[in-house]
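To keep things clear, I will list the structure first and then write my remarks on it.
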There are 2 protein chains.
Amino acid sequence: MTRQADGGRRTPLSRDRVLRTAVALADRSGIDALSMRSLAQELGVVPMALYKHVANKEQLLDGMVDVVVGEIGPPDGGDGWKDAVRGRILATRHALLRHPWAARVVESRPGPTPGTLGHLDSLIGMFRAGGLSADLTHHAMHALGGRVWGFTQELFPAPPPSADPEVRAAVLREAAVHYPYIVEIATAGAAHDDGSVVGGGCDDRFEFEFALDLLLDGIERLHRQGWSSARHG
Amino acid sequence: MTRQADGGRRTPLSRDRVLRTAVALADRSGIDALSMRSLAQELGVVPMALYKHVANKEQLLDGMVDVVVGEIGPPDGGDGWKDAVRGRILATRHALLRHPWAARVVESRPGPTPGTLGHLDSLIGMFRAGGLSADLTHHAMHALGGRVWGFTQELFPAPPPSADPEVRAAVLREAAVHYPYIVEIATAGAAHDDGSVVGGGCDDRFEFEFALDLLLDGIERLHRQGWSSARHG
DNA sequence: ACCTGAACACCGTTCAAGT
DNA sequence: ACCTGAACACCGTTCAAGT
C-alpha cells in the first residue's frame, strides 16, 4: 500500500524530472512554497529520494535556473552586434518573465552554472564578432550587469495602488508632504494626456528598453571612438 | 539569577538599540547568522522581547536598511546636477560597502522604507533642480535602477581564483574549451601591460563608475536634445 | 496587566535502523 | 547494498500559563 497521489510512481525519478517538477511547482505555488519536502510530496516520494539526483537545495535551484535558460532559444543572427545583443537580451527577458520566481532565483545564485556561463559566452561572442575589443566588451558586460538576464533591479516594487481613486489621491497628498519629488514624477503626465508613459503607472517594457538602449548606445559611441580603459582608468 | 552575558541589562531595550545591535551582529557574523533568536541572545533577552520593538523579522530588516541609509550623510551641494547625483550615489556606495550584507538586504526588501524613500526623493530633487523634466527624470531613475544604492547586480560573483598559478592556468584552459569568449575577456590585458584594468581581476570601483557615467552621460545627452517619452514611446 | 517559556508548524539534512 | 523513517538542529511566531 502506498500513499502516493498518482497511485504508484510510473515514471522513475530522474534529475530532469526533479528539475522540471520543481519549475512547475514554483510556477504554480511560488518559490516560497518550494521546499525539498513539498517537492518530494509532489513527486510522490520521500524527501531523501531527491538527494539521489541533486546534492542539496542550492543545486536544485541552480538546475532550475538552467531549465529556464534552456528555454531562451538560439540567437537569431540579426544585423550588426547591437541588434543581435539587444534581441538576445529581450529574448532572455521573455523567458524569465514566464517564470515569476526566476529573476529572484538568478540573483540569489552564489555562483555561475553551465547554463548561465553559456549564455554569457554567446553574448560576449556577439560583441566580439561586431569588432569590439575584448577590453571594451569586458566593461560593457559589467555595465549591462544583471540586465543581461532581461530584468532590472527595481528601486522597489511599486505598492499596489488602491482601487478607490479617492483613497489614492489622499495617499498621494499625504506622501507629497514628505516626498514631493517622488510624487511629482509618479504623477507627472496625468495632467497632460500627450502619450507620455509617466502617470499611468510604469511601463516595465519601456523602462527596460530605455535603459538597455542608453547603455548600448553609449557602448557603441565608445567603440566608434576607439575607447580603451588604458586611456581612461 | 540571570544568564545574561553582560550580567544584567543595564540599558533598557529600545527599537534603536535592537536595530543597532542587529547591524553590528550582521557586520560581525554575517546576515545568515542573524536570527530573532541569535539577536535576542546577543541582547541578553528572551526572543519574544524583541517583538515589543519590531513587529517581525521583515520590519527588523527594514529598520537595519534605514540605519545604513542614515549613515550616507547629507548631499554636498556640488556644481551641476550630474556631479551632484554622481557624488551622492558614490557616497551611498561607500555607506553600503561598510556593511557587506547591506546590498543583499536592500535588494530583498519587498517595499520601500522611510529611509529609502527619502534617499530617492533627494536624488530626484537633484535632477529636477538641474532642469531635467519630470518625464526624463522618471526614466532616468528607472535606468539607474538598483545602481542608486551604489552597487551593481553582478553577473555572478567571481569564483575565488586559485592561489597556485599552475592550477589557475589549467582551470582557464579547461574553461576555454566551453566558454572561449568568457576566458578571453577575463584574461585580456594580461599579455600587454598597458595599464588596462582587464586581466588582473575586475576593479569593482572602475566597473561601477564606468556604468554610472555611461548612464549619466546618456541622460545628459537626452536632456540637451529636449527628449520626451511622448516622441519616442 | 504584563511577561515569557513552551509549543507549533515548519525547514534542510544526517544517520542509523530496517529490508 | 539499498532505501527510508526518525531524528537533529535549527527557524519565525503563537499562545496560554504563570506571576
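Proteins get letters first, then strands, A, B, ... in listed order; numbering begins at 1 in each.
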Stem ranges of DNA chain C by first residue number, counting only runs of at least 3 Watson-Crick or G-U pairs under 3.5 Å, come to C:4-8 with D:12-16, C:12-16 with D:4-8
Within a radius of less than 6.0 Å around [atom1] of [X], do more than 12 heavy atoms belonging to other residues, nucleotides or ligands occur?
X: B:D32; atom1: CG; answer: no
X: A:Y181; atom1: OH; answer: no
X: B:H178; atom1: NE2; answer: no

For [X] and [N], what is the distance between atoms [atom1] and [atom2] respectively, to the nearest whole Å?
X: A:Q59; N: C:dG12; atom1: CD; atom2: P; value: 15 Å
X: A:R37; N: D:dA7; atom1: CZ; atom2: C1'; value: 10 Å
X: B:D32; N: D:dC11; atom1: CG; atom2: P; value: 11 Å
X: B:Y51; N: C:dA6; atom1: OH; atom2: C1'; value: 15 Å
X: A:E58; N: C:dT13; atom1: CD; atom2: C1'; value: 13 Å
X: B:H53; N: D:dG12; atom1: NE2; atom2: P; value: 18 Å
X: A:M36; N: D:dA7; atom1: CE; atom2: P; value: 21 Å
X: B:L39; N: D:dT13; atom1: CG; atom2: C1'; value: 15 Å

Side chains of residues 95-102 of chain A: which donor-acceptor pairs under 3.5 Å do they make with residues two or more places apart or in other chains?
from: A:H99; atom 1: ND1; to: A:D27; atom 2: OD1; distance (Å): 2.8
from: A:H99; atom 1: ND1; to: A:D27; atom 2: OD2; distance (Å): 3.0
from: A:H99; atom 1: NE2; to: A:E71; atom 2: OE1; distance (Å): 2.8
from: A:H99; atom 1: NE2; to: A:E71; atom 2: OE2; distance (Å): 3.4
from: A:W101; atom 1: NE1; to: A:D27; atom 2: OD1; distance (Å): 2.6

Write down the distance separating the [atom1] atoms in [N] and [M], rounded off to the nearest Å.
N: C:dT19; M: D:dA7; atom1: P; result: 16 Å
N: D:dA9; M: C:dA9; atom1: P; result: 22 Å
N: C:dC8; M: D:dG18; atom1: P; result: 15 Å
N: C:dT13; M: D:dT13; atom1: C1'; result: 23 Å

Would you check, one step at a time, whether the test side chain to side chain donor-acceptor pair (under 3.5 Å) holds for B:T113 with B:D62?
-> CA-CA 6 Å; B:T113 65; B:D62 279 348; 5.9 Å; no
What nucleotide among D:dG12, C:dT13, D:dT13 has an atom nearest to a side-chain atom of B:N56?
->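 Output: D:dT13.
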Closer than 4.0 Å, any side-chain N/O of A:K57 to the OP1 or OP2 of C:dC11?
-> no
Do any side-chain nitrogens or oxygens of A:K52 fall under 4.0 Å of OP1 or OP2 in D:dC2?
-> no
Minimal non-hydrogen separation, B:A49 against B:H53, with atom names =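 Looks like O-ND1, 3.7 Å.
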Close side-chain approach of B:L60 to B:L39, heavy-atom, < 4.5 Å =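 Contact flag for B:L60/B:L39 side chains = yes.
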DNA chain C: 5'-proximal contact among B:M48 and A:A55 (nearest heavy atom) = B:M48
